[in-house]
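This report concerns only the one structure given below.
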Amino acid sequence: MTSQSLAQLEQKQDFIRRHIGPSADEQQQMLHSLGVNSQDELIQQTVPEAIRLPQPLAIGEATTEADALATLKNIAKQNHVFTSYIGAGYYGTHTPNVILRNVLENPGWYTAYTPYQPEVAQGRLEMLLNYQQMTMDLTGLDLASASLLDEGTAAAEAMALSRRVSKNKKAYAYFVADHVHPQTLDVVKTRADAFGFEVIVGPWHEAAQHNLFGALLQYPTTEGEILDLREVIEALHAQKAIVSVAADILALTLLTPPGEMGADVVLGSSQRFGVPMGYGGPHAAFFATKDAYKRSLPGRIIGVSKDRSGQPALRMAMQTREQHIRREKANSNICTAQVLLANMAALYAIYHGPEGLKNIANRVHRLTNILALALQNKGMQLKHTSWFDTLLVEVTNQAAVVELAKAKEINLRTDIDGYVGISFDETTTREQVEVLYAVLTGDTLNIELLDQQVQQQQFSGVPQALMRTTAFLTHPNFNRYHSETELLRYIKRLENKDLALNHSMISLGSCTMKLNATVEMIPITWPEFAHLHPFCPAEQAQGYQELIQQLGDWLVTITGYDAVSFQPNSGAQGEYAGLLAIRNYHHSRDDGHRNICLIPASAHGTNPASAQMAGMKVVVVACDKQGNIDLDDLQTKAEQMADALSCIMVTYPSTHGVYEETIRQVCDIVHQYGGQVYLDGANMNAQVGLTSPGYIGADVSHLNLHKTFCIPHGGGGPGVGPIGVKSHLAPFVPGHVIGLARSNGAVSSAPYGSASILPISWAYIKLMGGVGLTQATEVAILNANYLTAKLASHFPILYRGRNERIAHECIVDLRPLKEQSGISEMDVAKRLIDYGFHAPTMSFPVAGTLMIEPTESESKAELDRFADAMISIRKEIANVEQGVWTLEDNPLVFAPHTQADIVGEWQHSYSRETAVFPTEAAKHNKFWPSVNRIDDVFGDRNLVCSCIPTSEYAE
């Protein structure tokens with residue numbers, strides 16, 4: 001018999017042990033190697049005492065996986081999934097099960113990172129190239145990005161692009177047709193206000209009557225009408241305005257593409273291509289434009305280049321446009337896109353192929369035609385004479401019709417006076433149409449008879465002049481994988497090309513690639529969470545409201561703030577929302593002239609890019625030789641700019657990986673001169689349970705739920721970037737035209753952003769409890785210091801805090817080695833692939849360095865394996881220094897090595913075994929890159945962003 005108590009046998013804290021990599025014994029070994037006796041002693045040496053929380057984190061106790069799922073299931077049951085005909089940009093869809101199981105629920109796809117190391121990301125890069133090809137084909141334009149955050153954000157980015165490229169430089173007005181989705185208009189207005197643009201809203205045909213730099217139209221309109229936009233586009237072009245069209249992706253399979261009408265930009269949501277509504281997100285937006293505007297295109301672009309052997313290889317193209325390089329001069333602040341969802345949408349198009357997509361569109365349109373004809377036969381009036389899937393039906397008593405519909409568990413669109421809106425989708429059945437007809441008329445519907453009448457009369461809502469005539473999705477990738485066997489193997493073939501967390505540690509500094517536990521992922525596909533429309537009546541989403549409230553309360557406790565907004569759907573979007581809260585706060589106090597944002601030289605590129613988007617001017621604050629904010633420089637600039645000082649953006653621990661001792665002094669200086677403190681939450685994984693932004697003295701922060709709180713990175717998205725604020729900023733967090741009664745504008749299309757993945761962070765916090773969350777932070781610090789100590793005798797460590805400790809990440813300085821040997825940080829990064837590792841963050845925040853963040857989830861064995869790889873690489877560099885290998889011929893400059901390399905003719909001075917099996921560990925868990933090192937320069941000089949012939953992959 002065991003002597004353990006029942007409480008011990010229940011193992012409520014078992015998940016903590018599974019989330020945290022090193023065992024208790026291993027942690028003790030690691031602590032001893034650092035010369036300390038306990039975790040408390042290490043934390044005392046590392047975290048400044050002045051900012052340590054005075055009491056434990058009051059989150060509650062840890063719980064078991066079974067109990068957490070049971071609790072969450074009871075919450076989910078409070079959501080009621082009605083048949084939704086609301087439309088307005090969100091539609092029911094069927095996720096093909098082969099995609100659901102093998103992509104959305106597959107850690108090989110959802111735990112990968114943004115493909116900054118393209119040699120280990122060829123699989124998802126190919127799928128993103130498919131997404132771009134799909135977008136270009138359907139929109140009729142030359143160039144597409146690899147996804148944006150949502151349709152509203154894409155429209156705001158279209159406005160910004162229009163301003164950049166329009167030849168009408170004296171115009172500061174942007175036209176938005178009054179037939180655009182209301183949530184899109186809301187997001188555009190928010191962005192325009194910060195930029196100082198005037199937004200003119202009016203009938204679409206009056207657009208050219210104004211002096212504009214651009215205009216936004218919808219196709220079909222939010223009311224479902226299909227308009228011929230050619231004359232208006234031509235008239236707008238005559239005054240040098242840029243025309244953007246928000247389009248429905250399924251409708252484009254049947255309708256003339258806006259690109260063929262002359263549109264400069266076409267954008268929209270790909271949600272209805274197999275991605276659940278999820279109470280608003282996450283979903284991938286598509287964005288296409290003309291080749292002439294490629295340098296102004298926002299977001300990621302996947303391009304075709306070649307590798308060292310001359311074979312085609314994919315990479316992210318034209319990165320010099322992006323925030324991590326151009327900072328406040330970047331096209332946008334986009335960091336995270338929606339890669340996982342874009343991949344799902346592309347696979348949906350591959351699964352169905354062009355004929356399958358047309359069949360779905362025709363079925364949806366046929367059911368819409370049947371209902372339209374039946375209602376007209378009944379004497380009811382439709383607002384428009386054209387439609388694809390949406391009808392506005394005139395009713396004398398809207399409230400009565402809505403109540404009848406609710407009794408049948410049906411949701412109608414109700415925001416247009418005198419009408420009810422009805423949008424059909426892929427999930428709509430004939431039986432549902434019959435029920436809906438009975439609700440509207442009190443009569444029965446003979447579907448078969450009406451279908452015959454529709455066909456006999458050639459009754460259609462699509463005008464003949466606007467029917468699509470051009471082929472689309474003609475590339476073999478969209479036409480060869482229509483059996484599940486072939487598609488399954490294609491998915492697996494691409495997965496095998498990518499290195500994700502299910503293979504090895506991804507030690508990207510500032511990215512927190514920690515465990516995304518399976519139990520946390522399970523709830524996101526529950527129908528109660530997955531199938532809710534974001535604009536459904538509040539009483540049908542009580543489960544979501546409870547979850548959002550609980551998660552918000554926990555985050556308030558963790559951050560030390562007073563309120564949280566979940567609307568921002570990426571970290572960069574959170575920065576933008578937080579800065580807008582500061583901006584609006586100043587305006588409320590008649591301090592609208594405060595527009596200076598101080599940003600340390602070490603800041604992430606999104607910080608200055610977000611400040612620029614929020615209408616602020618960036619002033620850089622110097623850092624001292626230890627990498628800390630230079631207090632004298634801060635004091636001087638804050639004093640000089642006191643009248644105009646809006647805020648400072650500071651990251652804590654710093655982007656240099658240390659706990660700055662003077663962080664409270666930084667806050668005090670900025671507050672002294674009337675500014676607010678924005679504390680970037682990128683490094684929150686080193687704060688939770690030990691300190692907090694609110695306790696330190698900050699006013700607002702964004703949190704990366706896709707870092708600290710376990711939402712997976714998805715290969716480059718989704719992310720969630722909620723903001724926490726002190727009480728004086730709470731009135732200024734994002735509002736929403738539908739569902740959030742606040743005067744502030746929206747930053748995302750849905751009121752709660754990417755709501756359907758919030759259960760992941762809820763589950764993580766519930767499972768860990770306050771003790772587990774704090775322990776995770778402590779072990780993240782332990783792992784980072786342990787790894788630093790192992791590497792320090794082989795590589796220079798650039799920055800350290802007091803007692804020579806670091807926070808949760810360290811920066812290895814390779815510049816001295818490059819001077820001595822000629823081997824660069826790029827060579828080391830690519831050589832790590834041969835050892836089976838994704839490279840750490842390269843050349844950020846300091847050029848010529850690698851920033852390493854192991855997180856708490858990596859075991860001692862994995863840390864040792866990584867350290868052994870780095871030490872082995874250091875010995876290889878020594879061989880170059882000593883002339884054993886030349887700089888022109890060594891395993892570092894030729895890394896990574898592929899299977900093709902070792903079976904071909906070998907002409908190197910080092911052996912094949914050295915090339916591909918440099919350690920015993922590499923032999924036992926070998927990752928084979930599918931391409932050699934990629935030529936970045938060639939890819940940008942010869943920009944190709946569409947699918948290449950399949951034969952080129954095979955060569």
Side-chain angles (χ1 to χ4, degrees), residues 125-148 154-155 157-167 214-217 219 229-230 233-234 236-237 240-249 251-253 255-268 270 284-305 312 314-322 331-332 334 337 342 345-346 349 354 468-475 477-478 938-949 952:
L125 284 169
E126 181 175 331
M127 193 53 64
L128 290 172
L129 198 69
N130 290 334
Y131 184 81
Q132 290 178 180
Q133 185 69 65
M134 174 190 80
T135 300
M136 289 185 284
D137 283 3
L138 289 171
T139 61
L141 282 169
D142 309 323
L143 187 67
S145 74
S147 77
L148 293 176
E157 295 291 353
M159 176 178 64
L161 177 145
S162 299
R163 178 61 193 159
R164 286 192 294 272
V165 304
S166 172
K167 296 289 198 300
L216 175 66
L217 312 173
Y219 178 77
L229 306 175
R230 281 173 277 221
I233 291 174
E234 186 177 351
L236 286 165
H237 282 166
K240 302 178 182 178
I242 300 298
V243 183
S244 301
V245 176
D248 181 282
I249 194 167
L252 292 181
T253 64
L255 302 182
T256 300
E260 293 181 13
M261 296 183 184
D264 302 292
V265 175
V266 182
L267 60 97
S270 58
F286 61 88
F287 192 104
T289 190
K290 295 178 176 178
D291 183 74
Y293 306 140
K294 61 190 175 188
R295 296 289 170 188
S296 293
L297 184 67
R300 313 294 193 196
I301 307 171
I302 308 309
V304 181
S305 186
L314 310 178
R315 56 183 283 277
M316 293 195 297
M318 297 193 301
Q319 292 189 58
T320 52
R321 305 157 19 263
E322 296 186 35
N331 288 345
S332 75
I334 291 168
R468 185 177 190 118
T469 58
T470 50
F472 60 94
L473 304 187
T474 58
H475 189 275
N477 282 358
F478 297 98
F938 178 88
D940 279 351
R941 287 180 176 172
N942 303 273
L943 188 64
V944 176
C945 299
S946 56
C947 291
I948 59 176
E952 292 194 31

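Considering all non-hydrogen atoms of both residues, Leu148 and Gly299 come closest at CD2-CA, 4.1 Å. Heavy atoms only, all atoms of each residue included: Phe286 and Ser270 are closest at CD2-N, 4.1 Å. Taking both residues in full, the closest heavy atoms of Ala246 and Leu216 are given as N-CD1, 4.1 Å, listed atom of the first, atom of the second, then distance. The shortest heavy-atom contact between Ala247 and Val266 is CB-CG1, 3.9 Å. Taking both residues in full, the closest heavy atoms of Val304 and Leu314 are given as CG2-CD2, 3.7 Å, listed atom of the first, atom of the second, then distance. Ala345 and Tyr131 make their closest contact through CB-CE1, 4.0 Å (heavy atoms, listed as atom of the first residue, atom of the second, distance).
With hydrogens and angles left out, the side-chain atoms of Gln132 and Ser145 include no donor and acceptor closer than 3.5 Å. Residues Asn130 and His475 have side chains that never bring a donor and an acceptor to within less than 3.5 angstrom of each other.
A salt bridge is absent between Asp142 and Lys290: the closest approach of a Lys/Arg side-chain nitrogen to an acidic carboxylate oxygen does not fall below 4.0 angstrom. Between Asp940 and Lys294 there is no salt bridge, since none of the side-chain N atoms of the basic residue sits less than 4.0 Å from a carboxylate O of the acidic one.
Between Val245 and Val265, the closest side-chain pair of non-hydrogen atoms is not below 4.5 Å. Two residues are said to be in side-chain contact when any heavy atoms from C-beta on lie closer than 4.5 Å; Thr253 and Arg468 fail this criterion. With a 4.5 Å cut-off on side-chain heavy atoms, Thr470 and Pro257 count as touching. At a threshold of 4.5 Å between non-hydrogen side-chain atoms, the residues Pro258 and Ile233 do not count as touching. Under the 4.5 Å side-chain criterion, counting only non-hydrogen atoms from C-beta, Tyr219 is in contact with Leu252.
Between the CG atom in Leu297 and the CE atom in Met318 there is a gap of 6.5 Å [rounded to 0.5 Å]. Considering CD of Gln133 and SG of Cys945, their distance stands at 10.5 Å, rounded to 0.5 Å. Taken to the nearest 0.5 Å, the CG atom of Leu217 stands 10.5 Å off from the CE atom of Met261. Separating the CD1 atom in Ile242 from the CG atom in Leu236 is a distance of 10.0 Å, to the nearest 0.5 Å. Atom CZ of Arg164 and atom CZ of Arg295 lie 13.5 Å apart (nearest 0.5 Å). The CG atom of Leu128 sits 11.0 Å away from the CZ atom of Arg300 when rounded to the nearest 0.5 Å.
Side-chain atoms of Ser162 never come within 3.5 Å of backbone atoms of Gly214 as a donor-acceptor pair (strictly under, hydrogens ignored). Ser166 places a side-chain N or O within 3.5 Å of a backbone atom of Lys240 that can act as its donor or acceptor partner.
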